[in-house]
4 protein chains.
Amino acid sequence: MPETQLTRRERERLRHRKEILEAAVELFSEKGFYNVSMQEIAQKAEFATGTLYKFFENKEDLYKALVLEQAEKFHESAIRAIEEPEDEIDKIRSYVETKGQFFTANIPMIRLYFAETRGASFNIKAGLDCEIRKLYEDFLLRLASIFETGIKKKRFKKIADPYYLAVALDSLTNAFLFLWLEDPERHPYRQNVEKILQIFFKNLLNK
Amino acid sequence: MPETQLTRRERERLRHRKEILEAAVELFSEKGFYNVSMQEIAQKAEFATGTLYKFFENKEDLYKALVLEQAEKFHESAIRAIEEPEDEIDKIRSYVETKGQFFTANIPMIRLYFAETRGASFNIKAGLDCEIRKLYEDFLLRLASIFETGIKKKRFKKIADPYYLAVALDSLTNAFLFLWLEDPERHPYRQNVEKILQIFFKNLLNK
Amino acid sequence: MPETQLTRRERERLRHRKEILEAAVELFSEKGFYNVSMQEIAQKAEFATGTLYKFFENKEDLYKALVLEQAEKFHESAIRAIEEPEDEIDKIRSYVETKGQFFTANIPMIRLYFAETRGASFNIKAGLDCEIRKLYEDFLLRLASIFETGIKKKRFKKIADPYYLAVALDSLTNAFLFLWLEDPERHPYRQNVEKILQIFFKNLLNK
Amino acid sequence: MPETQLTRRERERLRHRKEILEAAVELFSEKGFYNVSMQEIAQKAEFATGTLYKFFENKEDLYKALVLEQAEKFHESAIRAIEEPEDEIDKIRSYVETKGQFFTANIPMIRLYFAETRGASFNIKAGLDCEIRKLYEDFLLRLASIFETGIKKKRFKKIADPYYLAVALDSLTNAFLFLWLEDPERHPYRQNVEKILQIFFKNLLNK
DNA sequence: GATGAATGAGTTTTCATTCAT
DNA sequence: GATGAATGAAAACTCATTCAT
């Protein structure tokens, strides 16, 4: 196992890095990039200010690392979710479900991730946008190709550009995640998304 | 008309206020709340820094005024859009169209408005959220009640909670506005939204 | 008079700038660039920290302005000193005298000026070097051409490259300025320089 | 020989100390005291930061050791240079030559040494000044006494205070070392210094 | 109302120094 | 002696806000 081949030092270093990131997500998610100071993060993570700079070049870099690492994790999960099932409909269901699971287990990331992908991210001057949006765009295209294949296989009717179907699906799931975030009891993600997707699918499916 | 009953002084004051806000939207929309300084706005509006404070208590207040006034304008248009037509389907069509018209004519506002309604608005410590979200929520309820009435009138099938239908509709239109914003030529709002709504409606409509 | 055509505001601004520079020379000259903080300068000049940044982009810029402005003043004086007299020997005497007058009246500048021209100026990353050294080099060339002319006119023997004569003259005057700086009573600049120059001239002159 | 009586441990320690100092001269000479960090020196010397503190109390101490040790070496050479020859003129020639040899072989030290002796050394708060300047002053006095002896022996005319002759000699050699440093090809130290000294000596010598 | 210079608290970032291993 | 992660004080710089004119 590679984990155990790291020296103690290296393992500690990784742990500390993780601790910093964990303190940071919470703060950023709650107050936003500009309302969180490095001191604040350091304090929450129980390190000195200077220590943060051993791990991250600057505040922006810390934020980027944070969002990008989570985005990559989500991405992997999402890709796995759409690759496993055979059937196109199952792929989509699997995605919707995985997305729900990922974010309901990572609540602080929801705001950050959406701010960076769909949102008006003014947070970071540039750069982050670039990488994370590339990931996002890449995934949209994969979703689109599922719709495309489904259409070719005559599983779906050809009612719209597959890319737009992907965009629509993504935006609907986001909307219901937000509802869930605001009031989890009242707006359970799974059931709600389910119903909306039915509207979608009933019409999309060739009987 | 009340406008003409204002003194010259008052008219000038209003004009100046408007000039400041106009300079501000552009800057905020381009760089975000925290990357725009009051001096920058003053310069763009061709006033002295101090003058801004004759019109707005502070930076936050200026931003709030900006977003709220636009939000109110949009809401008026949107409400008018859903009140005029008789038929529920027409109401919804009218809303979608009006939304498109409003924002394509107010590009800089798109980012700000979405950041505040759906987005992870960390921009402002608090308060703005409150008022603008109330407006937004109010409108969602109106949309919901259109669906509800439609269902009652048997125009629509009862496939989902009307509120969720409203949320879905809103999120879809947003998604297509964003696409349009990114590449207006390639992703014309009207046509795209049209197609997606058809998926919606075909299934929603009782034949 | 152009001075009086400045608005009161402009005149005040210039005065403030000057006050800042005056506080700064003393501090820099005493402790060196890196041992003086902007706060310290601000305090000594009786302004707020931020105010310094209205006048100078950054600490380096403030330092540059300081040294360069003085260097330019000295330059003008020095050039005037060598242009007025007819005779080559008088030109050189005039320079030596003017240099003494300038720096004995601007004690804090001695260290700064020498640090930047002849010294190992590590103070500033770059740039200042450039401009100030250009001035300095320019002046050395003027001095050299005085020697050259003197040689052509047979006032001087042709005992060495005129440029090296200039360098030698400059370095000797510096050395005696330093001595004076360390102990003005014991090492009066004028008399000492006088004697040394005699060594120079006696051999340089064609009887 | 004492060297071989050191234990292996002690020899290693000395070697490490030397390695650190060697890394440090280069860096200090290139960038100056304040633009070099201890971590940088450690890295260049291939030691850990903490190790530097086993050898030197602090950064200043390291710098002092560096400059002082070199200064002492130079002084020994210089003293040897003026002690060996019999004749006063030869002593001076020997000094000028030795100085050239020492610094052309120790380029990085030129800047540091001059900064500390003649220059506006703001580098170090204090203390270094003291010791190194004492060495320097001591040497100037030795030079002065050579001139004095020469005068007594009627080798030299009594044209100026011997101390000032020493200062002049030193400042001229420095000036030509600087020229050489800037462009070694164009300004060869030996030849240039030679010519300038002739001006000096021709007049100084009693035929 | 308009001006814009001045303010100074607050933020990011650096780096000499320490210390547990 | 060697390591290098952690420290935290100190510095540069920004900018919302004030206020005398």
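Chain naming here is simple, since letters A, B, ... match the order of the sequence lines and numbering starts at 1 in each. What you see below is based on every heavy atom in this structure, not just the backbone, and it leaves out hydrogens, waters and symmetry mates.
- Comparing dA6(E), dT11(E), dT3(F) by their closest approach to the side chain of S37(A) singles out dT11(E).
- Note on ring orientation: taking the six-membered ring where Trp is involved, the planes of F33(D) and Y63(D) are perpendicular (angle over 60°, cut-offs 30° and 60°).
- Ionic pairing of R15(C) and E12(C) is present here: one or more N-O contacts between side-chain nitrogen and carboxylate oxygen are shorter than 4.0 angstrom.
- Here the closest non-hydrogen pair linking A45(A) and E19(A) is CB-O, 4.0 Å.
- Here dA16(F) is the nucleotide among dA11(F), dA2(E), dA16(F) with the atom lying nearest to any side-chain atom of K59(B).
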Checklist entry - Taking only Watson-Crick and G-U wobble pairs with both distances under 3.5 Å, what dot-bracket line describes DNA chain E, where [ ] shows pairs that cross earlier ones and | shows pairs with another strand? => result .||||||||||||||||||||
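- When each of L52(C) and A48(B) is assigned the nucleotide of DNA chain E bearing its nearest heavy atom, the one mapping closer to the 5' terminus is A48(B).
- In terms of modelled atom types and a separation under 3.5 Å, the side chain of K31(A) and the main chain of E26(A) share no donor-acceptor contact.
- If you check the side chains of N35(A) and Y34(B), you find a donor sitting under 3.5 Å from an acceptor.
- Counting heavy atoms of neighbouring residues, nucleotides and ligands inside a 6.0 Å radius, atom CD of E22(A) exceeds 12 of them.
- Whole-Å rounding puts the M38(D) CE to dG4(F) P distance at 16 Å.
- In this structure, F56(A) reaches neither bases nor backbone, as no heavy-atom distance under 4.0 Å exists between it and the strands shown.
- For E46(D), there are no side chain to side chain contact (heavy atoms under 4.5 Å, CB included) partners, not counting sequence neighbours.
- Side-chain atoms of Q39(C) stay outside donor-acceptor range of the base of dA12(F), with no qualifying N/O pair under 3.5 Å.
- In this entry the distance linking CD of Q43(D) with P of dG4(F) reads 11 Å, nearest Å.
- Remark on DNA chain F: of its neighbouring residues N58(C) and F47(A), the 5'-side contact belongs to F47(A), judged by nearest-heavy-atom nucleotide.
- Within a 6.0 Å radius of CD in E72(B), more than 12 heavy atoms belonging to other residues, nucleotides or ligands are found.
- Note: CD (E19(D)) to P (dA2(F)) measures 10 Å, nearest angstrom.
- For the pair F55(A) CZ and dG4(F) C1', the interatomic distance rounds to 11 Å; values are reported in whole Å.
- For the pair E46(A) CD and dA5(F) C1', the interatomic distance rounds to 17 Å; values are reported in whole Å.
- Side-chain N or O atoms of E40(B) include one that pairs as donor or acceptor with a backbone N or O of S37(B) at under 3.5 Å.
- The distance between atom CD of E12(B) and atom C1' of dA2(E), rounded to the nearest whole Å, is 12 Å.
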Just the table, please: protein N/O against nucleotides 18-21 of chain E N/O, every pair under 3.5 Å.
residue: dT21(E); atom: O3'; partner: R8(A); partner atom: NH2; Å: 3.1

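- When rounded to the nearest whole Å, the span between NZ of K31(D) and C1' of dC15(E) equals 13 Å.
- Regarding I20(B), its CD1 atom lies at a distance of 11 Å from the P atom of dG1(E), rounded to whole Å.
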